[in-house]
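Throughout, residue positions are numbered sequentially from 1 according to the sequence presented. All values below were derived from every heavy atom in this structure, side-chain atoms included, with hydrogens, water molecules and symmetry-related copies excluded. Given the structure is predicted, the values throughout are model-derived calculations rather than measurements.
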Amino acid sequence: MFADMRKIAGLAWPVLIGQLAIIAFGVMDTVMVGRYSAVDLAALGLGSSVYISVFVGLTGVVLALQPICGQLYGARRYTQIGEEVRQGFWLAAGLALVGFFVMFFPGPLLAISRVPPALYERTESYLRIAALGLPASLAFRVYTSLANGIGKPRLVMILQVCALLVKIPLNLWFIFGGLGLPALGGPGCALASTVINWAFAALGLTLLARLDLFTPFEIFKHFCWPERRKQIALLKLGVPMGLSYLIEVTSYTFMALFIARFGTTTLAGHQITGNFGAVLYMTPMSIGIATSTLVAQALGGQRHEAARTLALHGIVMACAIGLGYAVIAFALRPAILAGYTTNAAVIAAAMPLLPIMLVYHIFDTFQTVTAFVLRAYKVAVGPTVIYAIALWGVGLGGGYWLGFDVGGLVPHWLTGARGFWAASAASLAVAGGGLFAHWRLVSERQARAAQGEHIDVV
């Protein structure tokens, strides 16, 4: 067990540092804008929720490349990796076009929140600026998928840390103004991220072309147009993966849209709670990516029993760490909230949400790593169904019932934003149990199929 955990940790720590650098974008945005104005902070929470829904859903499709590259790398079929990467860039371009129009014209989504005109205008500005950086973000995810798939996450980490160092001064400049530029407030965060996305997407493409590590894949040795068969294969895996991400994130997005009805202060408290939860999420996500890489490579090499053992050890490792995080964060919650904002009303709104979010985090850790393991097996349809039932049904539906006290029978302490967070925690518990049971079934079937039985899994 400990040998497997060391392997997982060896791949997970660069992913964790890189992901923390990226999530620090959101932390800095929240902290800096929180000191600019409460209205801009609420707009940031609403706008980032919509952006993340679009971006993560599309990214999930592109990330189908990771298990594909991992299995091909384990099977030593290097030139086929280059073919898949070229097709991945075409796929990213098409998805970026769709996402751009959704974000540049966000009226239908923002109408759900029924926010006042001032908040609507700031949120719309944020989303339109962020839409300009979406194509670069998706192109960079192709680079990320390849690097993680072949077990080289440090190549991603270095760029993400450098991006953070650039983000700090750009945020200060664009949010608060200076050097002839007016203060932009919340939309300034989006402008800083857009500039960085384009710069580092170009740098990632340069590394793919110049580093000797990528030479065997012959990525840019040949030009190709989108191939129908390969695009269908990518979409067959990527669309369910993207839907899984989209279901997971939209359950959070619509929670923010509904919580917006409780007022700007409650929404700001929700934003802080969610942002800290996103910081905690980076560890199980990193362990999930590392575990998925090792499992995919083992499957490519036809080592099915090793793949199952690695998967189980990764899940156990992540859950133990997640529990430790929850205990520490619960003890330090006043200091954590004080670090986000000096607004006493916002701190009071966030304080009762944080303990519920920590329970949410424990279940989120379990389901996250299990979901990544299933993706290593190229299994995505079943998890999508599980997510839809758990997150939309139990989480969003239950949250609406509790939060708005439909029927008048909900205890007061479970109404409002607390009801939405409690239902979301319950939904992740249901999702985690369903995903784990599905993985057990899939892994057993694939192991038997490798021994000569032909069994389809989804």
Side-chain angles (χ1 to χ4, degrees), residues 21-59 95-110 113 115 117-141 160 162-202 249 252-253 256-257 260 264 267-268 270-272 274-275 278 340:
I22 295 302
I23 201 63
F25 278 39
V27 173
M28 284 191 302
D29 288 351
T30 301
V31 172
M32 291 181 182
V33 174
R35 282 158 172 75
Y36 183 81
S37 80
V39 172
D40 276 74
L41 179 60
L44 174 65
L46 192 57
S48 61
S49 295
V50 174
Y51 171 76
I52 290 170
S53 294
V54 175
F55 173 66
V56 170
L58 298 179
T59 296
L95 294 172
L97 186 63
V98 174
F100 175 84
F101 282 104
V102 172
M103 291 172 55
F104 203 79
F105 303 102
L109 289 174
L110 296 183
S113 61
V115 295
L119 183 55
Y120 183 100
E121 184 273 329
R122 303 301 284 169
T123 304
E124 184 181 54
S125 297
Y126 176 95
L127 286 170
R128 287 188 167 180
I129 295 172
L132 300 175
L134 183 63
S137 295
L138 293 178
F140 186 75
R141 289 310 178 275
Q160 290 171 328
C162 290
L164 175 60
L165 297 178
V166 177
K167 172 75 168 173
I168 296 171
L170 286 181
N171 251 21
L172 288 171
W173 185 21
F174 295 154
I175 294 171
F176 299 101
L179 301 177
L181 184 73
L184 299 176
C189 302
L191 181 58
S193 296
T194 295
V195 171
I196 291 170
N197 286 339
W198 281 105
F200 283 86
V249 175
Y252 180 81
T253 299
L257 293 173
T264 300
L267 181 60
H270 164 76
Q271 165 66 9
I272 289 174
N275 188 268
Y340 272 100

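Remark: Ile196 CD1 to Asn171 CG distance equals 7.5 Å, nearest 0.5 Å. Note that CD1 of Ile168 and CZ of Phe25 are 9.0 Å apart. Values are rounded to the nearest 0.5 Å. Remark: Met103 CE to Leu58 CG distance equals 9.5 Å, nearest 0.5 Å. To the nearest 0.5 Å, atom CG of residue Leu127 and atom CG of residue Leu134 are 11.0 Å apart. Expressed to the nearest 0.5 Å, how far CD of Gln271 lies from CG of Leu44 amounts to 5.0 Å. With rounding to the nearest 0.5 Å, the separation of CG in Leu46 from CG in Leu41 is 11.5 Å.
Counting heavy atoms from C-beta on, the side chains of Tyr51 and Ser193 never come closer than 4.5 Å. With contacts defined as side-chain heavy-atom distances shorter than 4.5 Å, the pair Asp40/Pro187 qualifies. Between Ile175 and Leu184 there is no side-chain heavy-atom pair separated by less than 4.5 Å.
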Go through the steps to decide whether Val31 and Tyr340 satisfy the test side-chain contact (heavy atoms from CB on, under 4.5 Å), and finish with yes or no. CA-CA 5 Å; Val31 172; Tyr340 272 100; 4.1 Å; yes
Show your reasoning for whether side-chain contact (heavy atoms from CB on, under 4.5 Å) applies to Ser48 and Asp29. CA-CA 10 Å; Ser48 61; Asp29 288 351; over 6 Å; no
Step by step, work out the side-chain contact (heavy atoms from CB on, under 4.5 Å) result for Phe55 and Arg141. CA-CA 11 Å; Phe55 173 66; Arg141 289 310 178 275; 3.4 Å; yes
Begin from the C-alpha positions of Trp173 and Leu181 and carry the test side-chain contact (heavy atoms from CB on, under 4.5 Å) through to its verdict. CA-CA 8 Å; Trp173 185 21; Leu181 184 73; 3.7 Å; yes
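Listed here is the closest heavy atom pair of Gly186 and Tyr126: O-CD1, 3.6 Å. In plain terms, the two heavy atoms of Thr59 and Leu138 that are nearest each other are OG1-CD2, 3.7 Å.
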